[in-house]
There are 2 protein chains.
Amino acid sequence: MENDKRRPGSETRSEILRVALELFTERGFEGASIRDIAEALGMTKSSLYYHFASKDAILAALMENRRDEVDDLLAWVDEQPRTPDLLRRTALRWVDSTGEERLQGMRFAHANGPVMQRLAADGTDRRSLFGTVIDRVLPGSATVPERLRAQMAFDSVSAALFAAQGTTASDADVLAAAREATVHLTDDA
Amino acid sequence: MENDKRRPGSETRSEILRVALELFTERGFEGASIRDIAEALGMTKSSLYYHFASKDAILAALMENRRDEVDDLLAWVDEQPRTPDLLRRTALRWVDSTGEERLQGMRFAHANGPVMQRLAADGTDRRSLFGTVIDRVLPGSATVPERLRAQMAFDSVSAALFAAQGTTASDADVLAAAREATVHLTDDA
DNA sequence: GTCTATAGGTTGATAGAC
DNA sequence: GTCTATCAACCTATAGAC
């Protein structure tokens with residue numbers, strides 16, 4: 001897949017991140033130990049510590065990989081004409097641009113509520129950035145319930161993912177359901 | 001509030017459960033130790049182990065406290081006429097019957113994805129029961145996407161709770177947004 | 001019912017040889 | 001870059017005095 005442009009000659013690093021994301025999602029951040037990750041990779045803890053200074057550093061790298069997506073959305077919003085359907089168009093752009101990688105990130109977030117909040121406190125998460133998007137998409141006079149509803153429109157993928165737990169729904173099913181939900185949630189009838 | 005009918009003369013037990021739920025929600029099941037819970041109660045670990053045989057036993061008691069809610073919903077559904085709007089009526093009944101206690105339970109579930117799945121594997125969770133509700137509310141010919149959409153209608157409180165993270169929205173705001181979402185998600189337009 | 005003391009295991013992280 | 005060996009700190013859980 002050739003997508004490790006950032007650090008040339010460090011395929012081990014991205015291998016570690018791939019496995020770590022998988023285990024953190026499956027068992028939770030605290031539930032998956034450094035040893036678990038190392039063994040899944042066929043190496044020892046110490047070797048892993050050569051590549052990452054700490055367990056938190058792995059987490060940070062995992063987030064860094066995916067942080068500028070919301071920035072892109074923000075830039076796009078600023079170029080848009082301020083039509084009444086701006087909320088719907090923006091939310092749909094977000095939902096429609098959801099690929100396998102972002103889905104994996106959302107699965108991770110669902111499995112790690114407390115950790116995500118710890119990151120939010122540090123200002124390193126991407127979720128708090130969403131407030132900014134909504135600020136620009138909604139008029140300044142918007143009420144708390146209106147903002148909440150807008151947030152739900154953006155979060156519909158996450159909601160669909162949650163609803164799909166324990167079912168046989170495919171990723172395509174999830175994304176289709178999310179899109180439909182976003183449309184309904186941005187309906188001003 | 002006098003709601004410990006089940007075990008007379010065991011207020012300590014319910015006090016432990018109250019604090020445990022709070023800490024498990026805040027820091028996650030693995031993130032909150034038995035010692036943390038004991039200290040928050042002003043007692044030692046050992047005293048706590050007098051009341052509960054294990055950490056998992058606390059978790060089990062926490063779930064047991066809230067498991068028959070879906071059974072009640074199921075019984076209610078069976079009494080209903082099979083009108084076309086049965087899905088909406090049932091989902092709204094669920095959302096409208098959401099009180100502070102169930103909200104707390106949902107916050108817990110959000111903070112403990114992996115633990116909830118471990119419980120689901122044991123068949124002790126209440127989430128898998130929801131599949132049964134949907135089976136009876138939807139025609140047998142319903143497709144996977146249709147079932148997914150129905151599940152989202154029931155999960156709207158959870159979704160609103162998730163959207164409200166990091167905002168100033170009150171519980172009332174969350175419930176109002178959830179209701180609205182449920183209405184929209186059960187709209188056959 | 002609550003305590004002290006402790007067992008027995010796992011965790012994240014480090015030192016240093018190769 | 002990877003290893004063995006080790007550490008201090010934490011965990012769940014138990015034994016036994018009061």
Side-chain angles (χ1 to χ4, degrees), chain A residues 4 6-64 108 111-112 114-116 118-119 121-122 124, chain B residues 4 6-63 108 111-112 114-116 118-119 122 124:
Chain A
D4 194 19
R6 227 167 316 229
R7 295 179 191 259
S10 173
E11 38 189 89
T12 312
R13 220 184 122 95
S14 61
E15 262 284 287
I16 292 172
L17 290 177
R18 197 180 53 77
V19 172
L21 178 59
E22 193 179 311
L23 291 187
F24 287 162
T25 303
E26 219 169 84
R27 315 178 194 174
F29 182 71
E30 279 95 358
S33 72
I34 292 274
R35 182 180 263 122
D36 290 335
I37 299 168
E39 275 175 7
L41 285 158
M43 57 169 70
T44 61
K45 288 178 303 167
S46 299
S47 302
L48 207 156
Y49 271 105
Y50 172 81
H51 297 279
F52 290 93
S54 69
K55 197 182 183 185
D56 277 355
I58 300 180
L59 189 64
L62 241 24
M63 309 304 287
E64 193 187 345
F108 171 86
N112 291 88
V115 173
M116 295 302 284
R118 203 183 77 198
L119 258 55
D122 294 1
T124 20
Chain B
D4 193 20
R6 224 166 318 229
R7 295 178 193 259
S10 174
E11 39 191 88
T12 312
R13 219 184 123 95
S14 62
E15 263 283 286
I16 292 172
L17 289 178
R18 199 180 51 78
V19 171
L21 179 58
E22 194 180 310
L23 291 188
F24 287 163
T25 304
E26 220 169 81
R27 316 179 195 174
F29 183 70
E30 280 96 358
S33 72
I34 292 273
R35 179 181 265 125
D36 291 334
I37 298 168
E39 276 176 6
L41 285 159
M43 57 170 69
T44 61
K45 288 177 302 168
S46 299
S47 301
L48 208 157
Y49 270 106
Y50 172 79
H51 297 279
F52 290 93
S54 69
K55 197 183 183 186
D56 277 355
I58 300 180
L59 189 64
L62 240 25
M63 309 303 288
F108 170 86
N112 292 88
V115 174
M116 295 300 285
R118 203 184 74 199
L119 257 56
D122 294 1
T124 20

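Chain A is the first sequence line, chain B the second, and so forth, proteins listed ahead of strands; every chain is numbered from 1.
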How many whole angstroms separate atom [atom1] of [X] from atom [atom2] of [N]?
X	N	atom1	atom2	result
A:Glu30	C:dG12	CD	C1'	12 Å
A:Lys45	D:dT2	NZ	P	16 Å
B:Lys55	D:dA13	NZ	C1'	12 Å
B:Glu11	C:dG1	CD	C1'	13 Å
A:His51	C:dT14	NE2	C1'	16 Å
B:Tyr49	C:dT6	OH	C1'	14 Å
A:Asp36	C:dG12	CG	P	8 Å
A:Glu15	D:dG1	CD	P	14 Å

Looking only at non-hydrogen atoms, find the nearest pair between [X] and [Y] and report the distance.
X	Y	answer
B:His51	B:Ser47	CD2-O, 3.3 Å
A:Gly28	B:Pro114	N-CG, 3.6 Å
A:Ser14	A:Glu11	OG-O, 3.0 Å

- Message: Between D:dT4 and A:Ser46, counting only base atoms on the nucleotide and side-chain atoms on the residue, is there a donor-acceptor pair under 3.5 Å?
- Response: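 A donor-acceptor contact between them is present.
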
- Task: Looking at every strand, decide which applies to A:Ser33 at a 4.0 Å heavy-atom threshold: base, sugar-phosphate, or nothing.
- Result: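 A:Ser33: backbone/sugar contact only, no base atoms under 4.0 Å.
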
- Verify, without hydrogens or angle tests, whether B:Lys55 (side chain) and B:Phe29 (backbone) share a donor-acceptor contact under 3.5 angstrom.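 At least one qualifying donor-acceptor pair exists.
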
- Item | Side chain of B:Thr12 - closest among C:dT14, C:dT2, D:dT12 |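 Nearest to the side-chain atoms of B:Thr12, counting from C-beta on, is C:dT2.
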
- Task: Compare side-chain N and O positions of A:Arg35 against OP1 and OP2 of C:dT10 and report whether any pair is under 4.0 Å apart.
- Result: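 A:Arg35 to C:dT10 OP1/OP2: no side-chain N or O under 4.0 Å.
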
- Would you say C:dC3 has OP1 or OP2 under 4.0 Å from some side-chain N or O of B:Thr44?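 The answer is yes; a side-chain N or O of B:Thr44 sits under 4.0 Å from OP1 or OP2.
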
